[in-house]
Amino acid sequence: MSKMKTMTGVDQSHGKEMGRAGQTVFKQFGYSEIGPLHKKRQLPNQDAFCHHAYPWGELIALSDGLGSHGLSQLGSQAACDAAHRLLEQWHQLPELSVTERLTLFHQNWLQNLAEQDITQCGCTILMVLRLENTLFWAQLGDGLSVLYRSDVDQPECLTANSELFSNQTDALKASFSPTQWQTGSFDVDVCRGFFLCSDGIADDLEQEQQTAFFKQLYTQYRPLTEQQIIADMEQWLQHWPVPGHSDDKTLVAMIVKETP
């Protein structure tokens, strides 16, 4: 990729609701299922996710550690922590540009891994941050980011098709490469929901299946409680129907709460 792709539009395994009077209210939820191959080899889940909510902002984030890196599970955990810290930094300095936000995120990630071999901690990152009425989306590496706008009937996949081979991906590393990132800014009011999933899910969805898959999740989960959603996610992620699947599978989302 020759330039940053930018779009405009103006704690684990549980859910949260947030919002205040006159403001769009989202509920957040996520779940991660370790892949059969990692279970068999007694290796850790290399995916990590988080979601946090405050009266002034919120965050969902997901990171997938590189399978070839021996400490990638630490890298993915550090990436989620770095996204959480970035939300607080953006709140303190709302004038931060997109490049400044990404730079701070990368610095946070490196600081979180100061005592580790950074060459073994590579991972992807997908994150959505809300500050007041603005949603900021950023992605580095594979996985899938999906926005369901309130003014259209079908969810939209924001993630660009990768130009790399199927077993390669851009990832966090010691050096900062802003041109490898995809970003977008959207008005909160245009968002019905945002979904982030790791490649363990994304790679098993044919392109023509993606829209229907995420629309069904939105329709099915909007009236449910977070506890009901997590129970359902656990069921279908533990019984993934694709023969021979082996990767960790993680999904984290925020969708508009249904009003009584």
Side-chain angles (χ1 to χ4, degrees), residues 7 9 11-19 24-35 45 47-53 58-64 80 124-130 135 137 139 142-159 182 184 186 188-242 245 247-260:
M7 299 183 181
D11 308 329
Q12 301 193 5
S13 298
H14 59 89
K16 300 177 184 176
E17 298 172 2
M18 59 78 51
T24 302
V25 179
F26 293 98
K27 57 184 174 186
Q28 305 171 333
F29 52 88
Y31 186 81
S32 185
E33 179 67 24
I34 188 170
N45 187 339
D47 287 358
F49 76 91
C50 69
H51 46 77
H52 301 279
E58 63 190 300
L59 158 76
I60 59 172
L62 181 154
S63 180
D64 181 0
C80 290
T124 68
I125 181 67
L126 301 81
M127 57 184 173
V128 179
L129 288 69
R130 182 189 69 80
L135 288 170
W137 161 71
Q139 177 170 346
D142 56 24
L144 198 59
S145 299
V146 175
L147 169 64
Y148 197 177
R149 300 174 188 261
S150 57
D151 57 350
V152 297
D153 188 51
Q154 302 293 335
E156 172 189 1
C157 176
L158 300 180
T159 307
Q182 302 171 65
F186 310 92
V188 167
D189 292 337
V190 308
C191 178
R192 298 192 209 196
F194 236 116
F195 298 87
L196 308 176
C197 67
S198 63
D199 64 346
I201 295 175
D203 287 355
D204 285 341
L205 294 175
E206 298 293 340
Q207 193 162 5
E208 59 271 16
Q209 295 175 320
Q210 293 173 0
T211 296
F213 178 80
F214 289 102
K215 185 173 183 178
Q216 180 181 347
L217 286 185
Y218 173 83
T219 303
Q220 180 178 344
Y221 287 166
R222 191 176 179 198
L224 301 183
T225 66
E226 287 81 353
Q227 292 75 19
Q228 290 172 324
I229 293 171
I230 298 307
D232 185 72
M233 290 178 67
E234 181 178 6
Q235 179 67 21
W236 58 262
L237 282 171
Q238 287 183 351
H239 299 88
W240 193 248
V242 178
H245 71 92
D247 205 0
D248 305 326
K249 294 171 178 58
T250 304
L251 184 145
V252 62
M254 51 190 285
I255 64 175
V256 173
K257 182 184 176 186
E258 190 171 63
T259 54

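A donor and an acceptor atom, one from each side chain of Ser150 and Asp189, are nowhere located under 3.5 Å apart. Side chains of Ser145 and Gln139: a donor on one and an acceptor on the other come within 3.5 Å.
Between Leu135 and Met254 the shortest heavy-atom distance is CD2-CE, 3.9 Å. Nearest heavy atoms, Thr250 versus Ser32: OG1-OG, 2.6 Å. When all heavy atoms of Val256 and Cys191 are compared, the closest pair comes out as CG2-O, 3.2 Å. Across all their heavy atoms, Met127 and Ala61 have their closest contact at CB-CB, 4.0 Å. Taking both residues in full, the closest heavy atoms of Tyr218 and Arg192 are given as CE1-O, 3.5 Å, listed atom of the first, atom of the second, then distance. Across all non-hydrogen atoms, the minimal contact from Cys157 to Leu144 is SG-CD1, 3.1 Å.
Contact check on Glu156 versus Arg149 returns a salt bridge, with a Lys/Arg side-chain nitrogen under 4.0 Å from an Asp/Glu carboxylate oxygen. Here Arg130 pairs with Glu58 in a salt bridge; the nearest charged N to carboxylate O distance falls below 4.0 Å.
Note: Leu126 CG to Cys197 SG = 8.0 Å, rounded to the nearest 0.5 Å. Distance check, rounded to the nearest 0.5 Å: OH of Tyr31 to CD of Glu234 gives 3.5 Å. Rounding to the nearest 0.5 Å gives a distance of 11.0 Å between OG1 of Thr159 and CG of Leu147. Remark: Glu33 CD to Ile201 CD1 distance equals 10.0 Å, nearest 0.5 Å.
When each of Asp232, Leu251, Ile229, Val146 is paired with Leu217, the side chain to side chain contact (heavy atoms under 4.5 Å, CB included) condition holds for Leu251 and for no other. Between Phe194 and the choices Phe186, Phe26, Tyr148, Phe214, the side chain to side chain contact (heavy atoms under 4.5 Å, CB included) rule is met once, by Phe186.
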* Phe49/Ile60 under side-chain contact (heavy atoms from CB on, under 4.5 Å): CA gap, chis, key distance, verdict -> CA-CA 8 Å; Phe49 76 91; Ile60 59 172; over 6 Å; no
* Before giving the answer on side-chain contact (heavy atoms from CB on, under 4.5 Å), spell out for Cys50 and Leu59 the whole-Å C-alpha distance, their side-chain angles and the decisive distance to 0.1 Å. => CA-CA 8 Å; Cys50 69; Leu59 158 76; 4.0 Å; yes
* Give the C-alpha distance, both sets of side-chain angles, the deciding distance and a yes or no for side-chain contact (heavy atoms from CB on, under 4.5 Å) between Val252 and Gln28. => CA-CA 8 Å; Val252 62; Gln28 305 171 333; over 6 Å; no
* Assess whether side-chain contact (heavy atoms from CB on, under 4.5 Å) is satisfied between Tyr221 and Lys27, documenting all intermediate values. => CA-CA 10 Å; Tyr221 287 166; Lys27 57 184 174 186; 5.7 Å; no
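In this structure, the side chain of Thr124 engages the main chain of Asp64 through a donor-acceptor pair within 3.5 Å. Using a distance-only test at 3.5 Å, with no hydrogens or angles considered, a donor-acceptor pair links the side chain of Lys215 to the main chain of Asp153. Of the possible donor and acceptor atoms, none in the side chain of Lys257 sits under 3.5 Å from a partner among the backbone N and O of Thr24. Checked by atom type and distance alone, the side chain of Asp199 never pairs as donor or acceptor with a backbone atom of Gly143 at under 3.5 Å.
The number of heavy atoms from other shown groups lying within 6.0 Å of CD (Gln209) is above 12.
Between Asp203 and Asp247 there is no side-chain heavy-atom pair separated by less than 4.5 Å.
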